[in-house]
Participant: 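Okay, handing you the structure first.
Proteins come first, then strands; the chains are lettered A, B, ... in the order of their sequence lines, and each starts at number 1.
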There are 2 protein chains.
Amino acid sequence: MTTKRARPTIRDVAVQAGVSMTTVSDVVNSKGRVDPATRERVLTAITQVGWRPRRSARALRSGLTGVFAMCLPVGHVGVGDWLVNAEYDMALVAACAAATVDSERQLLVAPRPKDVRDLARLDVDGVIIADPREGDQALTVLNNAGVPAVTIDRDIQRTDGWWVETDNAGSTVQVLDHLAAQGARRIALVTADAPWAWFEDTSAAYARWCEDHGVKPQVRLVDVERPRATAATGVRSLLRLRNPPDAIFAIPYGTPLGALDAIVESGRSVPGDMLLAGGMDGQLLQSASPPITAVDLRPVEMARAAVDLLARRVNGELAAGPVVIDTTLRIRESTRPG
Amino acid sequence: MTTKRARPTIRDVAVQAGVSMTTVSDVVNSKGRVDPATRERVLTAITQVGWRPRRSARALRSGLTGVFAMCLPVGHVGVGDWLVNAEYDMALVAACAAATVDSERQLLVAPRPKDVRDLARLDVDGVIIADPREGDQALTVLNNAGVPAVTIDRDIQRTDGWWVETDNAGSTVQVLDHLAAQGARRIALVTADAPWAWFEDTSAAYARWCEDHGVKPQVRLVDVERPRATAATGVRSLLRLRNPPDAIFAIPYGTPLGALDAIVESGRSVPGDMLLAGGMDGQLLQSASPPITAVDLRPVEMARAAVDLLARRVNGELAAGPVVIDTTLRIRESTRPG
DNA sequence: TTGAAAGCGCTACCAA
DNA sequence: TTGGTAGCGCTTTCAA
């Protein structure tokens with residue numbers, strides 16, 4: 001009477017199947033040097049004894065953990081007048097998890113540590129950093145420790161090409177062209193003066209578009225801590241101009257609502273008197289009255305591309321270039337006059 | 001000329017400090033049997049050689065991986081007329097990650113696999129399941145595999161006590177009392193007929209409260225796939241009654257907006273003609289016009305409690321009972337008449 | 001096509 | 001208070 005209560009190991013499988021541990025290992029790792037019949041016996045034995053390989057043993061021997069880590073962008077702690085779009089971040093996390101699983105890996109979520117150097121202690125095969133700050137120290141730390149990393153969104157100081165980004169210039173032009181096609185002649189921009197590529201690219205593309213179309217750019221900046229309220233203030237000042245804009249493109253999440261507040265307050269209507277578009281789609285814009293046209297930043301595609309890019313970097317590819325994801329404009333009532 | 005380019009191991013530290021590997025191990029694991037002076041030397045050596053322990057080696061030897069997994073509730077794939085509250089889920093994930101890190105562990109996020117049995121193959125010390133379905137197969141699989149698990153929210157079929165839940169009955173009473181205190185005499189409930197404890201507890205508490213206060217319960221059910229639209233339909237039918245309600249408590253996320261749609265459409269105003277409260281707080285309710293009173297389900301506290309509970313279960317405690325978290329009512333303009 | 005044996009880095013155990 | 005050594009479960013290497 002054998003009392004084998006402990007969790008089965010590869011040895012138990014080998015005994016059960018009447019082969020060596022090596023053969024079992026080769027079967028589960030698809031080394032393709034095993035006779036089909038043997039293979040079948042091994043697979044049967046695996047289910048019979050209920051074996052599941054231990055990641056730690058595998059990792060110790062092979063030198064790879066089979067785990068990617070994802071650094072969350074910021075704190076998510078409650079309801080507030082946020083810049084944060086939780087849907088976007090949640091989609092990012094869920095899609096990264098799905099993509100790592102598809103590549104036979106697992107995804108660790110890591111909060112930003114107080115001490116960035118702790119990032120190098122994660123003991124993973126690679127790290128995905130969402131929404132990097134300018135000159136992000138995390139990247140320096142990881143590079144020094146030899147841990148492969150990629151970012152979702154471009155760090156404006158970086159040039160190494162290991163990131164995934166949306167086509168911000170393209171999406172800006174798309175929005176502005178759409179507004180112009182709907183009859184807008186004077187399109188104002190509401191954005192933030194913060195060191196993220198998204199804001200920089202958008203502002204630059206807006207300035208260029210205005211120049212190309214011979215119109216005067218009108219920009220209002222918001223405080224990223226209070227996007228809605230400060231956007232409303234900015235738009236109020238636009239509406240008091242002698243020649244006010246007839247369309248507003250509000251970039252940071254939450255600012256289209258502030259713009260709408262100011263427009264309604266002035267007795268104007270959207271889209272009748274003023275067109276309105278947002279730079280980042282979300283429930284808040286979709287369920288506004290009227291629903292607001294906005295740019296879908298494709299978090300799912302970004303996440304999948306990031307995992308793919310990281311896998312390439314881990315595999316030793318020297319440069320896979322930045323990956324640029326096309327955005328999609330979600331056209332809603334706020335830009336459909338008449 | 002030594003060419004030591006490989007990642008340092010505990011042996012390198014031991015050599016550098018002139019002690020045994022055991023001593024180094026004891027220092028980093030705070031075994032407290034090391035002389036303070038030796039300890040100092042070891043710590044210095046660790047930074048000198050830049051050693052960081054490998055989780056996999058540690059795990060292989062100790063039998064514990066130091067990793068918890070979290071099963072995400074549902075797919076997060078884009079903007080829609082959702083029941084899903086991404087802020088809540090994101091807060092859950094972020095707080096779970098923070099709490100596991102505080103307990104010297106790491107958090108893996110796992111999508112729900114096609115085959116639930118894959119959950120047992122995760123090779124982690126424990127699993128947190130957010131938002132379990134009724135009689136969740138995942139729990140059965142994990143139990144059979146001997147993997148400790150806890151859930152966030154109660155599976156109504158379960159009795160083992162390994163879960164964390166909000167005080168749904170208490171929060172319902174709190175909302176109803178608040179509405180009554182604001183002058184409401186006939187409070188209707190908008191909820192869903194879905195097998196989650198949240199809905200069941202709330203409905204039961206509502207029925208009891210109505211009985212206790214001698215008022216007739218009025219319930220409308222929504223389709224969880226289209227909460228806003230179907231809530232509007234339900235509320236419209238309430239407003240056509242000979243004796244319509246003067247307050248509405250709408251539970252599923254998104255339904256307070258549908259209720260508001262129907263109320264405004266009927267020419268009534270909130271809170272002037274009708275009070276309105278929501279069962280789950282979020283940006284959508286906070287930024288509605290008027291801002292809607294709602295129950296804060298405390299995702300951060302839920303997450304921390306879940307990690308704590310799982311740690312107890314992993315440590316072999318036999319029963320730590322269900323943990324009940326008190327909710328907080330966020331009172332806003334929608335329930336402040338006059 | 002298969003197997004035997006070494007060893008990945010760490011900690012538990014026992015001895016000093 | 002410290003050190004030596006065995007061995008966790010797996011994959012790799014080399015031999016058959």
Side-chain angles (χ1 to χ4, degrees), chain A residues 4-43 45-46 49-67 104-106 120-125 146, chain B residues 4-43 45-46 49-67 104 106 121-125 146:
Chain A
K4 263 275 191 179
R5 275 276 144 269
R7 180 170 156 182
T9 75
I10 199 172
R11 154 165 272 128
D12 299 316
V13 177
V15 169
Q16 172 76 20
V19 298
S20 72
M21 299 182 338
T22 309
T23 300
V24 177
S25 175
D26 287 349
V27 167
V28 295
N29 292 298
S30 310
K31 281 275 163 47
R33 68 169 195 181
V34 184
D35 185 275
T38 315
R39 192 186 139 75
E40 275 317 308
R41 257 191 307 138
V42 170
L43 291 176
I46 288 175
V49 307
W51 175 68
R52 49 204 160 99
R54 292 204 177 182
R55 239 189 317 125
S56 30
R58 196 172 259 187
L60 180 57
R61 182 63 246 227
S62 68
L64 287 173
T65 61
V67 177
E104 308 271 82
R105 277 178 268 245
Q106 299 184 325
R121 307 178 56 85
L122 283 174
D123 194 24
V124 295
D125 294 340
Chain B
K4 262 273 188 180
R5 275 279 144 268
R7 180 169 157 183
T9 76
I10 200 172
R11 155 166 271 129
D12 299 315
V13 177
V15 169
Q16 171 76 20
V19 297
S20 73
M21 301 188 323
T22 307
T23 300
V24 177
S25 175
D26 287 349
V27 167
V28 296
N29 292 298
S30 312
K31 281 276 163 48
R33 68 170 196 181
V34 184
D35 185 275
T38 315
R39 194 185 137 76
E40 276 317 308
R41 256 189 310 140
V42 170
L43 291 175
I46 288 175
V49 307
W51 176 69
R52 51 205 160 98
R54 291 204 178 183
R55 290 199 87 82
S56 33
R58 198 173 255 188
L60 179 57
R61 182 64 247 226
S62 68
L64 287 173
T65 61
V67 178
E104 309 270 84
Q106 300 184 326
R121 307 179 56 84
L122 283 175
D123 192 26
V124 294
D125 294 341

Participant: Dump the intermediate steps for salt bridge (Lys or Arg N to Asp or Glu O under 4.0 Å) on D12(A) and R7(A), then the final yes or no.
Facilitator: CA-CA 10 Å; D12(A) 299 316; R7(A) 180 170 156 182; over 6 Å; no

Participant: Would you say T22(A) and S25(A) are linked by a side-chain donor-acceptor pair, where the criterion is simply a distance under 3.5 Å?
Facilitator: no

Participant: Can you tell me which nucleotide in dA12(C), dG3(C), dC10(D) comes closest to the side chain of V19(A)?
Facilitator: dG3(C)

Participant: Quick one: R7(B) CZ to dG9(C) C1', roughly how many Å, whole number?
Facilitator: 10 Å

Participant: Please report the C-alpha distance between V19(B) and R41(B) in whole Å, then the side-chain angles of each, then the deciding distance to 0.1 Å, and finally whether the side chain to side chain contact (heavy atoms under 4.5 Å, CB included) criterion is met.
Facilitator: CA-CA 9 Å; V19(B) 297; R41(B) 256 189 310 140; 4.1 Å; yes

Participant: Roughly how many Å is it from CZ in R52(A) to P in dC10(D), rounded to a whole number?
Facilitator: 11 Å

Participant: Does K31(B) make a side-chain N or O approach to OP1 or OP2 of dT1(D) shorter than 4.0 Å?
Facilitator: no

Participant: Starting the side chain at C-beta, find the nucleotide from dC10(D), dT12(D), dT11(C) nearest to M21(A).
Facilitator: dC10(D)

Participant: To the nearest Å, give me how far apart CZ (R55(A)) and C1' (dT11(D)) are.
Facilitator: 17 Å

Participant: Rounded to whole Å, please give me the gap between CD1 in I10(B) and P in dT2(D).
Facilitator: 15 Å

Participant: Side chain to side chain contact (heavy atoms under 4.5 Å, CB included), that's the test. Do Q16(A) and V42(A) meet it? Break it down for me.
Facilitator: CA-CA 8 Å; Q16(A) 172 76 20; V42(A) 170; over 6 Å; no

Participant: Taking all non-hydrogen atoms of both residues, which atom of D125(A) and which atom of G66(A) are closest, and how far apart?
Facilitator: OD2-N, 2.7 Å

Participant: How long is the line joining CZ of R11(B) and P of dT5(D), in whole Å?
Facilitator: 11 Å

Participant: Rounded off to whole Å, could you give me the CG-to-P distance for the L60(A) and dT11(D) pair?
Facilitator: 11 Å

Participant: Identify which nucleotide among dT2(C), dG9(C), dC10(D) has an atom closest to any side-chain atom of T23(A), counting heavy atoms from C-beta outward.
Facilitator: dT2(C)

Participant: Does the pair N29(A) and R58(A) meet the rule for a side chain to side chain contact (heavy atoms under 4.5 Å, CB included), with working shown?
Facilitator: CA-CA 11 Å; N29(A) 292 298; R58(A) 196 172 259 187; 3.9 Å; yes

Participant: Nearest to the V34(A) side chain among dG9(C), dT2(C), dT11(D), which nucleotide is it?
Facilitator: dT2(C)

Participant: Could you tell me the separation between the CZ atom of R58(B) and the C1' atom of dA12(C), rounded to a whole number of Å?
Facilitator: 14 Å

Participant: So what does N29(B) touch, heavy atoms closer than 4.0 Å: a base, only the sugar-phosphate, or nothing?
Facilitator: sugar-phosphate

Participant: Could you state the atom-to-atom distance from CG of L64(B) to C1' of dA12(C) in whole Å?
Facilitator: 14 Å

Participant: Just to confirm, is there a sub-4.0 Å distance from OP1 or OP2 of dT11(D) to any side-chain nitrogen or oxygen of S25(A)?
Facilitator: yes

Participant: Given dA5(C), dT2(D), dG9(C), which nucleotide is nearest the side-chain atoms of T22(A)?
Facilitator: dA5(C)

Participant: Are W51(A) and dG9(D) close enough that a side-chain N or O sits under 4.0 Å from OP1 or OP2?
Facilitator: no

Participant: Could you say whether D35(A) or A57(A) is positioned toward the 5' end of DNA chain C, judged by the nucleotide with the nearest heavy atom to each?
Facilitator: D35(A)

Participant: Taking OP1 and OP2 of dC10(D), is either one under 4.0 Å from a side-chain nitrogen or oxygen of R54(A)?
Facilitator: no

Participant: Across the strands shown, which category fits T38(B) at heavy-atom distances under 4.0 angstrom: base, sugar-phosphate, nothing?
Facilitator: sugar-phosphate

Participant: Considering only dT11(D), dG3(C), dT11(C), which nucleotide approaches the side chain of R61(B) most closely?
Facilitator: dT11(C)

